[in-house]
Amino acid sequence: MTASVYITDLRAKPGRNLLQKLTALLIKAGLDEIDFEGKLVALKIHFGEPGNLAYIRPNYVATIAALIRERGGKPFLTDANTLYSGRRHNAVDHLAAAQENGFNRIATGCDVIIADGLKGTEFREIPLNFKHCATAKIGSAIADADIIISLTHFKGHEMTGFGGALKNLGMGSGSRGGKLEMHSASKPQMKQENCVSCGICVRNCPQEAIAFNADRKAEIDYALCIGCGQCVALCNYDAAQVVWDEAADTAVEKIAEYTYAVVHGKPALHISFVMNVSPDCDCWNMNDAPITPDLGIAASRDPVALDRACVDLVNAAPIIPNSRLAETACQVGDDKFTHIHPKTQWQAGLNHAEEIGLGTQSYELHWVK
């Protein structure tokens with residue numbers, strides 16, 4: 001089986017700007033094969049941590065939202081809260097960050113809904129029974145949507161090698177507990193020097209696995225703990241923490257399984273913006289210089305084929321001087337993402353995605369003018 005991936009370059013001229021080219025791209029990629037009438041359409045995006053300027057421009061989002069509304073759909077922008085502390089750690093701050101970066105009704109023509117609620121605890125548990133995940137904890141707003149449209153800034157990533165459609169959909173749609181499951185091979189830990197004995201983790205642990213010790217510091221009973229991440233979600237003092245062990249070996253495969261949970265049985269279209277290809281994730285509050293020139297915008301109904309095509313395009317592209325990639329031994333045609341992040345295993349993620357039936361790495365590239 002071979003999937004179709006459509007791509008447009010970033011050349012423009014009077015009467016044919018990039019927003020018009022994006023429209024033509026999406027129609028070629030199958031937008032009109034989807035019945036949007038009366039449907040709730042999740043536009044899954046990363047709003048960018050404030051201070052990072054590599055995220056997708058809201059102008060592109062506005063064009064996509066308008067196309068969906070014209071076809072009777074009800075689009076909304078969405079992402080799930082982060083596992084780590086930052087400006088997108090809870091829905092209040094997350095909404096403020098999205099507004100700050102231009103994702104609002106005025107700029108995009110649709111509203112923002114934080115998928116997993118105020119503190120990352122609103123999710124649907126979707127059965128999987130795959131290699132790593134028996135279920136996937138997907139943010140409710142994404143799980144309940146009728147149609148999924150992913151909008152991805154394609155870039156490097158310090159855990160997964162690159163951040164593409166699978167990373168955006170899988171990791172990005174997971175609730176706090178879901179993100180914990182994907183990031184970590186073990187259960188959370190209590191850093192007792194940070195514990196202020198507020199008791200919020202004790203009161204809210206669904207398994208009653210947390211109690212105060214003799215020093216009135218929270219402790220986890222691992223015989224009872226199920227690794228749901230509720231304590232990490234609720235702790236305001238960074239006492240309940242993720243254990244970052246063995247994560248790189250399994251995270252990419254878990255992300256593929258979570259992506260399957262997001263899109264399985266639903267109409268979907270995936271768009272990747274291969275521009276400002278920064279070496280790290282947009283979760284940082286800064287972005288380093290791009291490693292390659294801007295290559296274009298790509299789209300496909302198959303997220304695996306889309307990610308593979310984007311990797312291949314980046315690997316075939318020139319290296320920008322004075323970028324982080326230029327400081328390595330990488331040559332044109334080499335695996336750029338492994339040169340930047342040598343401990344990552346991005347190939348394993350695409351291979352596993354193919355194995356579970358999420359898509360194919362075999363693709364045909366179609367250029368749209």
Side-chain angles (χ1 to χ4, degrees), residues 5 26 29 41-49 52 54-58 60-61 64 75-83 88 94 97-98 101 103 108 112-116 136-139 141-143 145 147-175 178-179 182-183 251-264 266 268-278 280-284 287 297-311 314 337 344 346 349-350 352-353 358-359:
V5 177
L26 297 186
V41 184
L43 303 185
K44 174 61 186 73
I45 194 169
H46 190 305
F47 299 118
E49 190 75 10
N52 188 305
Y55 57 85
I56 298 168
R57 289 189 179 186
Y60 292 115
V61 178
I64 297 166
F76 63 94
L77 282 164
T78 190
D79 196 10
N81 292 309
T82 60
L83 185 60
R88 296 174 301 113
H94 203 159
N101 283 346
F103 297 100
T108 66
V112 175
I113 299 174
I114 304 305
D116 57 343
K137 304 175 183 71
I138 303 299
I142 294 172
I147 297 169
I148 305 295
I149 308 291
S150 67
L151 289 70
T152 302
H153 169 227
F154 193 83
K155 68 273 179 190
H157 193 277
E158 51 276 17
M159 174 175 280
T160 59
F162 70 85
L166 300 192
K167 174 68 168 56
N168 180 23
L169 286 163
M171 184 65 74
S173 298
S175 67
K179 286 182 171 66
M182 285 180 277
H183 275 91
V252 289
E253 293 185 351
K254 291 178 181 179
I255 287 168
E257 295 180 5
Y258 264 65
T259 302
Y260 185 99
V262 172
V263 301
H264 182 62
K266 292 183 179 181
L269 178 65
H270 311 286
I271 310 153
S272 284
F273 294 77
V274 193
M275 53 181 74
N276 294 316
V277 185
S278 47
D280 295 320
C281 183
D282 294 346
C283 291
W284 291 98
N287 56 286
I297 308 171
S300 180
R301 299 294 299 274
D302 185 323
V304 182
L306 180 61
D307 272 1
R308 183 77 226 197
C310 291
V311 168
V314 169
F337 298 111
T344 58
W346 65 260
L350 293 186
H352 189 59
L358 181 57

Quiz prompt | Over all atoms of both residues, closest heavy-atom pair of Ser173 and Ile142 | solution = OG-CD1, 3.3 Å
Quiz item: Taking the side chain as C-beta and beyond, is there a heavy-atom pair between His352 and Glu257 under 4.5 Å?
Solution: yes
Exercise. Taking all non-hydrogen atoms of both residues into account, name the closest pair between Ile297 and Tyr60 and its distance.
Key: CD1-CE2, 4.0 Å
Self-check item: Distance, nearest 0.5 Å, that separates CG of Leu269 from CD1 of Ile147
Solution: 10.5 Å
Practice problem: Quickly, which of Ile56, Asn52, Asn101 forms a side-chain contact (heavy atoms from CB on, under 4.5 Å) with Asp282? Name it, please. | Solution: Asn52
Exercise. Can you see which heavy atom on Thr152 is nearest to which on Ala165, and at what distance?
Key: OG1-CA, 3.6 Å
Self-check item: side-chain contact (heavy atoms from CB on, under 4.5 Å) against Ser300, all qualifying residues, sequence neighbours excluded
Solution: Val5, Asp302, Leu306
Quiz item: Run the side chain to side chain donor-acceptor pair (under 3.5 Å) check on Ser278 and Asn287 step by step: do they pass?
Solution: CA-CA 6 Å; Ser278 47; Asn287 56 286; 5.8 Å; no
Quiz item: Among all residues two or more places apart in sequence or in another chain, which pass the side-chain hydrogen bond (donor to acceptor under 3.5 Å, both in side chains) test with Lys179?
Solution: none
Would you tabulate the side-chain donor-acceptor contacts of residues 270-277 under 3.5 Å, counting partners in other chains and residues two or more places apart, or write 'none'?
residue : atom : partner : partner atom : Å
His270  : ND1  : Ser150  : OG           : 2.8

Quiz item: Is the shortest heavy-atom distance from the side chain of Phe162 to the side chain of Val314 under 4.5 Å?
Solution: no
Quiz item: Can you check whether Tyr55 and Phe47 have ring centres sitting under 6.0 Å from each other?
Solution: no
Self-check item: Stepwise side chain to side chain contact (heavy atoms under 4.5 Å, CB included) check, Cys281 with Met159
Solution: CA-CA 9 Å; Cys281 183; Met159 174 175 280; over 6 Å; no
Practice problem: Determine, step by step, whether His46 and Arg88 satisfy the side chain to side chain contact (heavy atoms under 4.5 Å, CB included) criterion, reporting the C-alpha distance in whole Å, the side-chain angles of both residues, the deciding distance to 0.1 Å, and the verdict. | Solution: CA-CA 10 Å; His46 190 305; Arg88 296 174 301 113; 3.5 Å; yes
Quiz item: Are any side-chain N or O atoms of Tyr258 and backbone N or O atoms of Lys137, one a donor and one an acceptor, separated by less than 3.5 Å?
Solution: yes
Quiz item: Got a second to check how far Ile64's CD1 is from Thr108's OG1, nearest 0.5 Å?
Solution: 10.5 Å
Quiz item: Do you know which two heavy atoms are closest between Gly174 and Asp116, and how far apart they sit?
Solution: O-OD2, 4.2 Å
Quiz prompt | Closest contact, heavy atoms only, Thr78 versus Ala115 | solution = OG1-CB, 3.4 Å
Quiz prompt | Heavy-atom donor-acceptor pair, Lys266 side chain to Ala145 backbone, under 3.5 Å | solution = yes
Practice problem: Check for a donor-acceptor pair, side chain of Asp280 on one end and backbone N or O of Glu158 on the other, with a separation under 3.5 Å. | Solution: no
Quiz prompt | Verdict with reasoning, Lys44 to Leu169, per side chain to side chain contact (heavy atoms under 4.5 Å, CB included) | solution = CA-CA 7 Å; Lys44 174 61 186 73; Leu169 286 163; 4.3 Å; yes
Self-check item: side-chain contact (heavy atoms from CB on, under 4.5 Å) partner of Thr259, the single match among Val304, Leu166, Asp307
Solution: Leu166
Self-check item: Distance, nearest 0.5 Å, that separates CG of Leu358 from CD1 of Ile255
Solution: 12.0 Å
